[in-house]
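Order of appearance sets the numbers: ligands from 1, and atoms from 1 within every ligand.
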Amino acid sequence: MNWFTDEAALQRITRRRLGAAFEHAQPRLTTLGAAAATDGARWAQEADHDGPTLVTHDRAGNRIDEIDYHPSYRELQKLGYGSGIVAATYDPSFAKERGDAPKSLTFSLGYLFAQAEAGMYCPVCMTDGAAHLLRKFGTPALKDRFIPRLASIDRAQLFTGAMFLTEKEGGSDVGQIKTVAKGGNGTPGEAVTLHGDKWFCSNVDADVIMILARPEGAVAGTRGLGLYVLPRAGDDGRRNGFRIDRIKDKLGERSFPTGEVTLDGARAFLLGGPGQGFHQMTEMLNLSRLYNAAASVACMRRAVVEAMAWSRTRVAFGKPVIGHPLMTEQLFDMACEQRLALNWFFRGVELMDRCDFGDGTPEERRTLRMLTPLLKYVLGKKAVQVCSEGVEALGGNGYIEDWPVARVLRDAQVLPIWEGTSNILVLDAFRALKKEAGHEVLFAEVEKNIAEAPVDLQGRLSKLLGELAEALGHIATDPDAEHVFRDWTDRAASLWNITTSFSKRLGYGTETDVRAARRIFERSFPTSLLRRDRATVAELEAVFSK
Ligand SMILES: Cc1cc2nc3c(=O)[nH]c(=O)nc-3n(C[C@H](O)[C@H](O)[C@H](O)COP(=O)(O)OP(=O)(O)OC[C@H]3O[C@@H](n4cnc5c(N)ncnc54)[C@H](O)[C@@H]3O)c2cc1C
């Protein structure tokens with residue numbers, strides 16, 4: 001298999017987004033599409049099975065805090081970073097391949113890689129996130145020191161990234177952070193020492209860590225937080241002043257280490273002080289929320305790929321299971337959800353390219369602000385559902401770790417949790433509504449999409465949109481309405497997700513896009529139990545591959 005050339009929908013998106021650069025990027029995408037589906041898939045299975053271990057001391061009793069990885073993890077690093085997922089945005093030698101859409105190249109590559117290994121995709125995400133923050137807020141010295149190595153495709157030169165926010169007291173409520181930064185007078189780039197502990201530290205042995213801490217004497221809450229760059233090694237190459245106390249025993253994402261850390265005078269450099277630090281960190285979170293959505297779509301795709309492959313050859317009651325009407329329906333729902341997710345996700349990527357690297361309009365910025373929490377929230381939830389269906393599609397074998405779908409489901413289960421839980425994202429979406437009138441851009445875009453929908457659906461879609469606007473009028477004026485935010489968000493996001501696939505304007509609207517969107521619309525907003533849009537195997541195969 002080749003996960004790039006086998007998925008026509010992805011090729012269409014990448015071709016459209018990259019424009020003239022596509023012909024330069026195509027060989028890279030095709031190479032990764034083949035490698036992810038073969039060696040990458042095998043390495044992922046092995047790296048998950050034999051996860052990392054923490055080595056706290058050397059044989060002479062010296063503290064070393066090193067992580068011992070399975071060789072397959074090292075191979076995955078060469079594949080993932082070497083393919084250019086991070087470099088695509090920052091490395092000048094990628095200019096021809098990325099054109100004016102660096103994130104489209106980054107996410108097309110990342111989507112392919114994450115189908116093999118959604119685990120190590122988390123360190124890849126944080127490496128990009130660290131480079132992103134340094135590019136935006138770093139002093140020239142910090143940029144020169146770290147960005148080229150964070151963006152390296154050479155494993156020997158590579159610096160990987162991490163972000164340490166969460167403490168024992170809380171991840172959602174980061175305003176509670178207690179880690180203290182001592183020294184300094186608030187000059188960007190200055191050195192401070194950090195004291196405290198962090199409770200969830202993925203890619204814990206990263207070289208470049210973005211970390212939130214509170215300067216001595218700063219006010220409580222998020223306004224008092226500063227953002228710092230914490231290198232793993234000091235200027236002299238020796239271990240910086242922090243200990244890895246333990247690595248966690250996780251349900252999924254087992255190929256890479258998530259640790260607990262004590263900071264004991266570690267030397268770090270200021271990016272932004274109180275009043276700026278938390279705001280700057282949200283820049284990284286916005287990028288990592290898109291990464292999370294990419295991982296969600298990738299896990300869904302892997303589940304569909306595995307379920308399709310199995311169902312075509314598994315015979316029950318005299319014929320391949322794919323042809324049994326209920327199985328056809330189950331697979332069709334999975335494939336349609338995945339198609340819609342892919343299209344909707346790349347709408348977000350397009351906006352990020354325009355806003356961060358192009359001349360995005362204020363309206364596009366507001367649209368991206370509104371869309372990002374919705375993508376992360378909705379697609380994370382859908383990934384768990386679709387991957388769970390994928391396990392069931394393989395019957396008993398699906399539950400056994402010899403097959404990849406069990407791991408993919410375990411990995412997917414974290415997607416609704418980290419980078420903000422579902423409730424936190426719903427609250428964030430409401431913040432975007434209230435502070436930036438995000439509903440105006442949401443309604444405007446969905447309205448345009450509805451105008452491109454099949455004529456027989458336009459009336460129902462418009463009525464649903466009208467109901468949302470009416471409900472918002474009540475919610476916005478009711479101080480006690482927080483408990484209904486989630487229902488409202490579910491419905492608004494669902495309409496945005498579905499109608500995006502109708503839109504030729506946004507690059508979608510093919511026969512298979514429309515079929516998938518129609519199916520999920522009928523499923524999400526049924527008018528009758530006697531559904532008339534029964535799927536055929538031919539339609540299923542078309543949505544899967546065309
Ligand atoms: C495998 C893994 C790796 C991780 N890696 C990292 C990492 O590298 N760096 C890092 O900083 N963090 C990391 N995290 C932490 C992660 O970001 C947090 O777990 C997450 O943000 C939730 O925070 P919490 O665990 O403190 O839960 P809590 O904040 O205690 O939330 C508990 C529950 O309360 C709900 N809740 C909280 N506040 C509200 C509210 N106002 N309204 C409604 N419901 C609410 C939440 O939705 C959740 O269901 C990782 C987590 C996992 C599982």
Side-chain angles (χ1 to χ4, degrees), residues 48 51-52 67 118-130 133 160-179 194 196-213 221-222 225 227-228 230 232 242 244-261 263 277-278 280-282 284-289 291-292 295 299 373 376-377 380-381 383-384 407 409-431 480-489:
D48 173 86
I67 303 288
M120 204 202 88
Y121 193 53
C122 162
V124 171
C125 158
M126 294 189 298
T127 302
D128 193 351
L133 284 185
T160 67
M163 61 175 179
F164 295 179
L165 282 68
T166 308
E167 299 185 356
K168 289 195 190 86
E169 288 75 13
S172 308
D173 186 5
V174 288
Q176 292 198 62
I177 281 177
K178 291 190 170 56
T179 296
L194 299 178
D197 46 62
K198 295 283 173 181
W199 184 236
F200 273 98
C201 306
S202 289
N203 199 29
V204 66
D205 62 338
D207 307 282
V208 184
I209 298 154
M210 297 291 150
I211 185 163
L212 284 177
T222 51
L225 294 175
L227 177 61
Y228 302 86
L230 169 67
R232 176 169 163 72
F242 65 92
I244 304 173
D245 300 317
R246 190 162 65 147
I247 58 174
K248 292 179 186 286
D249 186 7
K250 295 176 283 187
L251 169 67
E253 308 279 334
R254 295 178 74 96
S255 63
F256 69 87
T258 300
E260 298 162 14
V261 161
L263 299 145
F278 180 72
Q280 291 178 347
M281 197 64 183
T282 58
M284 182 161 177
L285 274 179
N286 285 336
L287 177 64
S288 59
R289 284 175 180 172
Y291 262 89
N292 201 86
C299 286
K376 196 287 180 182
Y377 161 49
K381 283 287 191 201
V384 177
R407 171 177 59 86
L409 174 62
R410 286 189 287 101
D411 285 350
Q413 186 63 65
V414 82
L415 298 170
I417 298 173
W418 61 16
E419 315 300 345
T421 61
S422 299
N423 288 345
I424 294 305
L425 289 155
V426 168
L427 290 171
D428 189 44
F430 260 78
R431 211 169 299 125
D480 197 25
E482 193 170 302
H483 64 290
V484 296
F485 282 4
R486 199 152 164 173
D487 287 351
W488 192 94
T489 307

### Query
Name the one of Asp197, Asp245, Asp173 that satisfies salt bridge (charged side-chain N to carboxylate O under 4.0 Å, His left out) with Lys168?
Asp197

Using a 3.5 Å cut-off on N/O to N/O, what pairs does ligand 1 make with the protein? A line per pair would be great.
{"from": "ligand 1", "atom 1": "5 (N)", "to": "Ser202", "atom 2": "OG", "distance (Å)": "2.8"}
{"from": "ligand 1", "atom 1": "8 (O)", "to": "Met163", "atom 2": "O", "distance (Å)": "3.4"}
{"from": "ligand 1", "atom 1": "8 (O)", "to": "Ser202", "atom 2": "N", "distance (Å)": "2.8"}
{"from": "ligand 1", "atom 1": "8 (O)", "to": "Ser202", "atom 2": "OG", "distance (Å)": "3.4"}
{"from": "ligand 1", "atom 1": "9 (N)", "to": "Met163", "atom 2": "O", "distance (Å)": "2.8"}
{"from": "ligand 1", "atom 1": "9 (N)", "to": "Phe200", "atom 2": "O", "distance (Å)": "3.0"}
{"from": "ligand 1", "atom 1": "11 (O)", "to": "Leu165", "atom 2": "N", "distance (Å)": "2.9"}
{"from": "ligand 1", "atom 1": "11 (O)", "to": "Thr166", "atom 2": "N", "distance (Å)": "2.9"}
{"from": "ligand 1", "atom 1": "11 (O)", "to": "Thr166", "atom 2": "OG1", "distance (Å)": "3.0"}
{"from": "ligand 1", "atom 1": "12 (N)", "to": "Thr166", "atom 2": "OG1", "distance (Å)": "2.7"}
{"from": "ligand 1", "atom 1": "23 (O)", "to": "Ser172", "atom 2": "N", "distance (Å)": "3.4"}
{"from": "ligand 1", "atom 1": "26 (O)", "to": "Gly171", "atom 2": "N", "distance (Å)": "2.6"}
{"from": "ligand 1", "atom 1": "29 (O)", "to": "Ser172", "atom 2": "N", "distance (Å)": "3.2"}
{"from": "ligand 1", "atom 1": "29 (O)", "to": "Ser172", "atom 2": "OG", "distance (Å)": "2.5"}
{"from": "ligand 1", "atom 1": "44 (N)", "to": "Asn423", "atom 2": "ND2", "distance (Å)": "3.1"}
{"from": "ligand 1", "atom 1": "47 (O)", "to": "Thr421", "atom 2": "OG1", "distance (Å)": "2.6"}

### Task
Salt-bridge test for Asp249 and Arg254: reply yes if a basic N is under 4.0 Å from a carboxylate O, no otherwise.
yes

### Message
Under 4.0 Å between a side-chain nitrogen and a carboxylate oxygen: does that hold for Glu419 and Arg289?
### Response
no

### Arg410 with Asp48: basic N within carboxylate O range, under 4.0 Å
yes

### Task
Could you pull out the closest heavy-atom pair between Pro257 and Ile247, with the gap in Å?
CB-CG2, 4.0 Å

### Task
Could you pull out the closest heavy-atom pair between Leu415 and Ala295, with the gap in Å?
CD2-CB, 3.9 Å

